Colleague: 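Input: one structure, supplied below.
This one's a predicted model, so the numbers in the text were calculated from it and none came from an experiment. As a basis for the values below, the full set of heavy atoms in this structure was taken, side chains included, without hydrogen atoms, waters or symmetry mates. Indexing begins at 1, ligand by ligand and atom by atom, following the structure's order.
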Amino acid sequence: MSSSVTDSAFEASIAEHVTLAPFTTLGIGGPARYFAEATSTTDLLNGIEWARQRDLPLFVLGGGSNVVVSDEGFRGLVLRVQLRGIETRADGDRVIVEARAGEDWDSLVSFCVNKGLAGIECLSGIPGLVGATPVQNVGAYGQEISETVVSVEAVDLTTKNLVAISGEACGFAYRSSRFKAADRGRFVVTKVSYRLAPNGRASVRYPELKACLKNNGRENTDAASIKEVRAAVLAIRKRKAMVIDPSDPDSRSVGSFFVNPVTTRETLERVRSVDTTLPGIPNFPAGEEMVKLSAAWLIEQAGMRRGYVRGGVGISKKHTLAIINLGTGTAREVLALAEEMKSRVRDKFGIELVPEPVFVGF
Ligand SMILES: Cc1cc2nc3c(=O)[nH]c(=O)nc-3n(C[C@H](O)[C@H](O)[C@H](O)COP(=O)(O)OP(=O)(O)OC[C@H]3O[C@@H](n4cnc5c(N)ncnc54)[C@H](O)[C@@H]3O)c2cc1C
C-alpha cells in the first residue's frame, strides 16, 4: 500500500497559499502554504509522500468544525479528506454501515434513520465529516459513536499501510480517543464502520430530549421512533445554534469550546463550598467515584454570560460554551476570550477548563 513517488496529476492539484477560514465553521484562519483535496486513498498516500519528501508538516482537514486555525495559517500541506461512499451489509441481527471518511456526518445519520437503523439518531445535526467522528468520539444527547463503531480503517503514517482498527482498540473516552491522544497525527481515517440495529428502538436517555418529545405529544418517550428522536434533537440543537445555519450568527463556532470537566467527588464538594448561595452545580456520574461537571455552569457562575463580546468574537447568545466569530474575529481573539473564560473559572473554582477543538498552526 505504500508509495514512494508522488503522482504527477495529484502534484498538479496542489494549490498554494489557500486561506483556510472558509473551510472552517468558525470562519477564521490564515493560509495553508499548500492545500489539496484527497478523493481517494491513493490521493492521501500521494499527499503524505509529497509532504514527507519536502519535510513539511501535514494536517488532515475534515469539515473544519472542530478546529481553530491560527491567523498565520499552516506552513505545511493541508489535505482535505473528500473520500465518498456508503455501503451497508447484514451482520446477524444487525446492519454494518461502512462510510468513507469524506461523507457528511449528518447526511449519514439521516440516511440511517430513513432506513430504520438505530444507534446514531441522537447524533443528528453534528457538523463535520465521518472521518472525524472517531477522533473525539463525537457524542450528544446521551449517545456516543463509541457505542456503534466496529472498526476504523486508516492509513498509518508511520508505515504508510492501510490498517483496520477495531472499535475496542480505538481507546474511546469522553470526547477523546487514541486518534486525539496518544496517537494524535499518526492515522488518517479513510473509512468508519458502524453496527446499527434494524427497526431498532430509539435511544432516549437525556432529560432534555425526553422533555422535548413529551412536548411534541409523545408521553411514553421510550416508544419514540428514531425519526421522532432525530427531529427532536435537530429542534433542540437549532434553538441553541448547535446546527450550522448561515442565517444564524450564533452558529459560527466550533460548537462547545470546552469539554465538561470530569473530577472527583471531593472536587465537587469543594466547588459546592466555594459559594453556598449558588444554585446546585449540575453534575452527572462519570465512572467510579468520578463526576462530570457542567462547564457552562462554571463559566456562568464565574461571571461570564451569553452574548458577551470581546473584539471580533464573543460568547453565543444561545449557548455559554460556544465562542463565536462576530464577523471580524481573529484566532488571537478567540484564544484571548478562551483564556479569559478559563482564568475566571480557575480563579473562582480552582478548575482548569480543557478546550475541545484542535489548534492548527500555533
Ligand atoms: C455548531 C457545532 C456543534 C457541534 N456539536 C457537537 C456535538 O454535539 N458533539 C460533538 O462531539 N462535537 C460537536 N461539534 C464538534 C465537531 O462538529 C465534531 O468534532 C466533528 O466530528 C468534527 O468533524 P470535522 O470533519 O469538521 O473535523 P475537523 O474540524 O476538520 O477536524 C477535527 C480533528 O479531526 C481530525 N480529522 C478530521 N478528519 C480526519 C480523518 N479523516 N482522519 C484523521 N483525522 C481527521 C483533524 O485533523 C482534526 O484534528 C460541533 C461543532 C459545531 C460547529
Side-chain angles (χ1 to χ4, degrees), residues 20 23-29 38 41 43-44 47-48 57-69 74 76 78-83 99-106 108-109 120 122-146 152-157 165 170 172 174-181 183-192 206 233-234 236-246 248-260 316 318-319 321-325 355-361:
L20 292 172
F23 296 99
T24 71
T25 53
L26 198 51
I28 286 176
T41 309
D43 283 350
L44 283 178
I48 292 161
L58 178 75
F59 182 74
V60 177
L61 182 68
S65 64
N66 212 21
V67 289
V68 180
V69 179
F74 184 71
V78 171
L79 264 184
R80 187 160 175 252
V81 176
Q82 293 284 286
L83 286 72
R100 301 194 84 201
E103 287 291 334
D104 175 69
W105 170 250
D106 189 51
L108 180 71
V109 178
I120 53 176
C122 295
L123 307 177
S124 294
I126 298 179
L129 307 183
V130 161
T133 57
V135 175
Q136 73 152 0
N137 180 20
V138 296
Y141 299 98
Q143 226 169 37
E144 287 182 341
I145 58 114
S146 59
V152 170
E153 182 194 89
V155 176
D156 183 341
L157 296 190
I165 302 165
C170 286
F172 287 129
Y174 167 60
R175 290 302 171 278
S176 188
S177 72
R178 66 188 286 186
F179 310 112
K180 196 171 180 180
D183 284 328
R184 189 181 186 136
R186 174 173 164 190
F187 296 102
V188 183
V189 175
T190 50
K191 187 161 76 182
V192 186
Y206 206 76
V233 167
L234 288 175
I236 298 172
R237 295 186 72 98
K238 192 163 174 52
R239 282 204 294 273
K240 298 180 180 180
M242 280 289 143
V243 281
I244 298 296
D245 176 356
D248 185 348
D250 278 320
S251 75
R252 205 183 293 161
S253 74
V254 291
S256 298
F257 202 91
F258 298 104
V259 295
N260 289 319
S316 158
K318 299 181 184 128
H319 200 297
L321 286 184
I323 291 181
I324 57 165
N325 172 12
E356 186 183 297
V358 172
F359 296 88
V360 185

Colleague: Strictly under 4.0 angstrom, heavy-atom based: which residues surround ligand 1?
Modeller: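 Ligand 1 is contacted, at a heavy-atom distance under 4.0 Å, by Thr25, Phe59, Val60, Leu61, Gly62, Gly63, Gly64, Ser65, Asn66, Val67, Val81, Ala101, Ile126, Pro127, Gly128, Leu129, Gly131, Ala132, Val135, Gln136, Val138, Gly139, Ala140, Arg175, Phe187, Val188, Val189, Arg237, Met242, Ile244, Ser253, Val254, Gly255, Glu356, Val358.
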
Colleague: Sequence neighbours excluded, which residues qualify as side chain to side chain contact (heavy atoms under 4.5 Å, CB included) partners of Arg239?
Modeller: Ile236

Colleague: State whether the side chain of Ser253 and the backbone N or O of Gly255 hold a donor-acceptor pair below 3.5 Å, judged by distance alone.
Modeller: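 Side chain of Ser253 to backbone of Gly255, a donor-acceptor pair under 3.5 Å: yes, one is there.
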
Colleague: Could you give the distance from CG (Asn325) to OG1 (Thr24), rounded to the nearest 0.5 Å?
Modeller: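 OG1 of Thr24 is found 8.0 Å from CG of Asn325.
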
Colleague: Say you draw a straight line from CG of Asp43 to CG of Leu83; how long is it, rounded to the nearest 0.5 Å?
Modeller: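 Rounded to the nearest 0.5 Å, the CG-CG separation comes out at 7.5 Å.
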
Colleague: For the side chain of Ser251 and the backbone of Ala241, is there at least one donor-acceptor N/O pair under 3.5 Å apart?
Modeller: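 The answer is no, because no donor-acceptor pair under 3.5 Å joins these two groups.
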
Colleague: Is there a donor-acceptor pair under 3.5 Å between the side chain of Thr190 and the backbone N or O of Glu153?
Modeller: yes

